[in-house]
Amino acid sequence: MADLNVNIGKLHLKNPVLTASGTFGYGIEYADFMDLSRIGGIFVKGTTLHPREGNDYPRMAETPSGMLNAVGLQNKGVDYFINDIYPKIKEIDTELMVNVSGSTIDDYVACAEKINELDTIPAIELNISCPNVKQGGMAFGTTCEGASEVVRAVRKVYHKTLIVKLSPNVTDIASIAQSVETEGADAVSLINTLLGMAINIETRKPVLSTVTGGLSGPCVKPVALRMVYQCYKAVKIPIIGLGGISNWQDAIEFILAGATAIQIGTYNFIDPAISVKVVEGINEYLDRHGFRSVRELIGGLG
Amino acid sequence: MKKYIDDWVVRENRKLTDHAFLLKLQLNRELPEIHAGQFVQILVENAENVFLRRPISIHSVDPETRTMDLLAQIVGKGTCKLANLHVNSSVNLIYPLGNGFTIPINNKQQKLLLIGGGVGIAPLLFLGQTLKKQGFTPIFLLGARSAKDVLLLTEFQQTGEAYITTEDGSLGEKGFVTNHSLLASGDFDFIYTCGPQAMMLAVAHYAKQHQISCEASLENRMACGIGACLCCVEKTIQGNLCVCTEGPVFNINDLSWQI
């Protein structure tokens, strides 16, 4: 049994396998299918200061080796999370992290401040990359200035591990990663979904109510892997890699490209127990190749 | 209710029409509790451009033989693959999902009307069987394009009274389900419906006019099926709710339908 422990800032993870926000609910949705304590951590559904109804149906389109979504951050707001959801999930024996989103910098700050008070939430993931919300979200994540501004403001009020989730819908993701590193982010996670589109040729209308949506699933993996590789060369803070991971082999690829930890997203819908299988697969791989720790593998491209 | 993920063995794959098929699946252990109106998420393997599981209504369950029948329609590459699954091959299911229909508690004399259209009749057989076991006599009203599209009529006739409408009049009364003479009285205690959206809207309209309680089973497009992705939402009086966990069965009074 290899050592699977990794650290992301002050955050200690028992293994590098995490589940991606928006694909794993609040964890409890998956409790019938797997032992939640076996994975390194859970990023819960994107949370905003105020409740959001999200976008109109249809919000999803299946595409080759993936899917488009336009959920639009439907959630009941941070106060509901704190009062009604947090008490039900805080005993789960893995790291629980909250994905924080907003339309204005003040929203991000207010939301982060409230979550900072929760004992068993050791980290937040600042979502500056949601492509499905008109205001904010991705608007902050597509320029170095915008990204810097949000991270600077949140860093002042948030004292635990601050992870910033980056958008792939940019020309140079490494420069955005550098900007948020400069502002004090403890880690970056990448990639959020790629902006995409699908058309129903019978009705000659877009499939999604929002016309465009976020593409995820195995189809985005090569893009995500390339971006992790580029960021690894550009920043010193740890990288959490995600984008289309559907088995342990994919996870090893991301770690080799420079990821300290990985997230599994869309594939949770196909196999709700995939994350535990990835933990097992990584462990067997390390043993087979004689690595004592998964940390020896990070950025270990030959 | 606990959810499971298991491989089931295909015991029968019967072609009913050019577009509809019946899969009989068997589990290698005792079946858990499954309610009428619930559905499964079936994994479709080795089908080109098929990525997500397919949600399919449970048509019938037999705990003695540990089998479950799924009645489905071929609408794309995923369901086409399922229609061609070989006997003795296995398929992976996440089940049982969703809430299920409300079963009345007392007064077995209540007139319960189950209105289905097309392959939307699938969950109504299981519901009818459940009601029959409870001592009710379910009344089925089934709509189809023409006689050849009326699926598994004998099963419905064995479970309760069955009335048919076809659009071309080749079987039963001609027209849509809501045109059937059975509805003229308006004398029903509860209506359950599943089928095309336009049909369910017409049924809901009828139920509301006659002040009859009505539940509809929705078929919104889904990704996860377990309430994680929030893709399959329906507008309700409580805001957007997941059809996969808060539904698929809704009381029509809770929906934001314009009826």
Side-chain angles (χ1 to χ4, degrees), chain A residues 19-34 42 44-46 51-76 132 200 207-209 213-219 244 246 265-274, chain B residues 1-7 32-33 40-55 75-79 92-97 197 218-247 255-257:
Chain A
T19 53
S21 176
T23 68
F24 210 68
Y26 295 96
I28 37 183
E29 290 85 345
Y30 285 82
D32 283 343
F33 308 112
M34 56 176 273
I42 296 167
V44 305
K45 174 70 190 159
R52 288 184 55 94
E53 270 297 296
N55 294 320
D56 283 345
Y57 179 85
R59 297 175 166 185
M60 192 277 288
E62 186 179 40
T63 56
S65 295
M67 61 178 271
L68 289 162
N69 89 81
V71 171
L73 295 172
Q74 178 179 329
N75 78 102
K76 291 183 175 171
N132 294 324
N200 179 332
V207 176
L208 301 174
S209 68
L215 181 66
S216 64
C219 58
S246 60
T266 307
Y267 213 80
N268 290 309
F269 305 157
I270 314 301
D271 180 357
I274 185 63
Chain B
M1 245 180 109
K2 187 169 161 59
K3 303 178 189 81
Y4 299 83
I5 180 166
D6 282 307
D7 288 333
E33 195 180 336
V40 304
Q41 277 274 61
I42 185 162
L43 186 67
V44 186
E45 292 183 279
N46 305 315
E48 188 192 352
N49 290 350
V50 175
F51 176 61
L52 298 167
R53 288 173 181 260
R54 294 294 184 261
V75 288
K77 286 175 179 161
T79 40
N92 186 266
L93 302 188
I94 302 176
Y95 70 99
L97 302 174
Q197 182 81 358
L218 310 191
E219 300 190 319
N220 292 14
R221 196 180 293 147
M222 286 176 191
C224 72
I226 57 172
C229 71
L230 312 187
C231 287
C232 64
V233 292
E234 178 72 20
K235 272 205 178 99
T236 73
I237 54 172
Q238 297 173 64
N240 283 325
L241 293 182
C242 283
V243 168
C244 66
T245 50
E246 306 293 327
L255 298 171
S256 305
W257 287 357

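In what follows, every chain begins at residue 1, and chains take the letters A, B, ... in the order their sequences are listed.
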(request) Under 4.5 Å, counting heavy-atom pairs only, tell me which of N49(B), L52(B), V50(B) racks up the most with chain A. (result)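 Maximum pair count with chain A is reached by L52(B).
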(request) Rounded to the nearest 0.5 Å, what's the gap from CE on M67(A) to SG on C229(B)? Could you check? (result)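 If I round to the nearest 0.5 Å, the distance is 5.5 Å.
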(request) Can you measure from CZ (F33(A)) to CD1 (I94(B)) and round to the nearest 0.5 angstrom? (result)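 These two atoms lie 5.0 Å from each other.
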Specify which of [options] makes the most heavy-atom pairs with chain B at under 4.5 Å.
| options | value |
| --- | --- |
| I270(A), V71(A), N55(A) | I270(A) |
| A273(A), C219(A), P218(A) | P218(A) |
| G66(A), P51(A), G217(A), P272(A) | G66(A) |
| T266(A), D32(A), D271(A) | D32(A) |

(message) Can you pull out every side chain to side chain donor-acceptor pair (under 3.5 Å) where at least one residue sits in residues 58-67 of chain A? Sequence neighbours excluded, please.
(response)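 As it turns out, the side chain to side chain donor-acceptor pair (under 3.5 Å) pairs with a partner in residues 58-67 of chain A, which skip direct neighbours, are R59(A)-Q74(A), E62(A)-R54(B).
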[X] versus [Y], closest heavy-atom pair with distance:
| X | Y | value |
| --- | --- | --- |
| G25(A) | A228(B) | N-CB, 3.8 Å |
| M60(A) | A223(B) | CE-N, 3.9 Å |
| Y57(A) | V233(B) | CD1-O, 3.5 Å |

Can you list, pair by pair, the side-chain donor-acceptor contacts under 3.5 Å of residues 237-247 of chain B, counting residues two or more places apart and other chains?
from: N240(B); atom 1: ND2; to: E53(A); atom 2: O; distance (Å): 2.7
from: N240(B); atom 1: ND2; to: E53(A); atom 2: OE1; distance (Å): 3.3

(request) Determine, step by step, whether M222(B) and F269(A) satisfy the side chain to side chain contact (heavy atoms under 4.5 Å, CB included) criterion, reporting the C-alpha distance in whole Å, the side-chain angles of both residues, the deciding distance to 0.1 Å, and the verdict. (result) CA-CA 10 Å; M222(B) 286 176 191; F269(A) 305 157; over 6 Å; no
(message) Need one label for Y30(A): side chain, backbone, both or neither, based on atoms under 4.5 Å from any heavy atom in chain B.
(response)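 Side chain only.
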(message) Report which part of L43(B) has an atom under 4.5 Å of a heavy atom belonging to chain A: side chain, backbone, both, or neither.
(response)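 It is the side chain, since no backbone atom gets that close.
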(message) Need one label for N220(B): side chain, backbone, both or neither, based on atoms under 4.5 Å from any heavy atom in chain A.
(response)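 It is both, since atoms from each part get that close.
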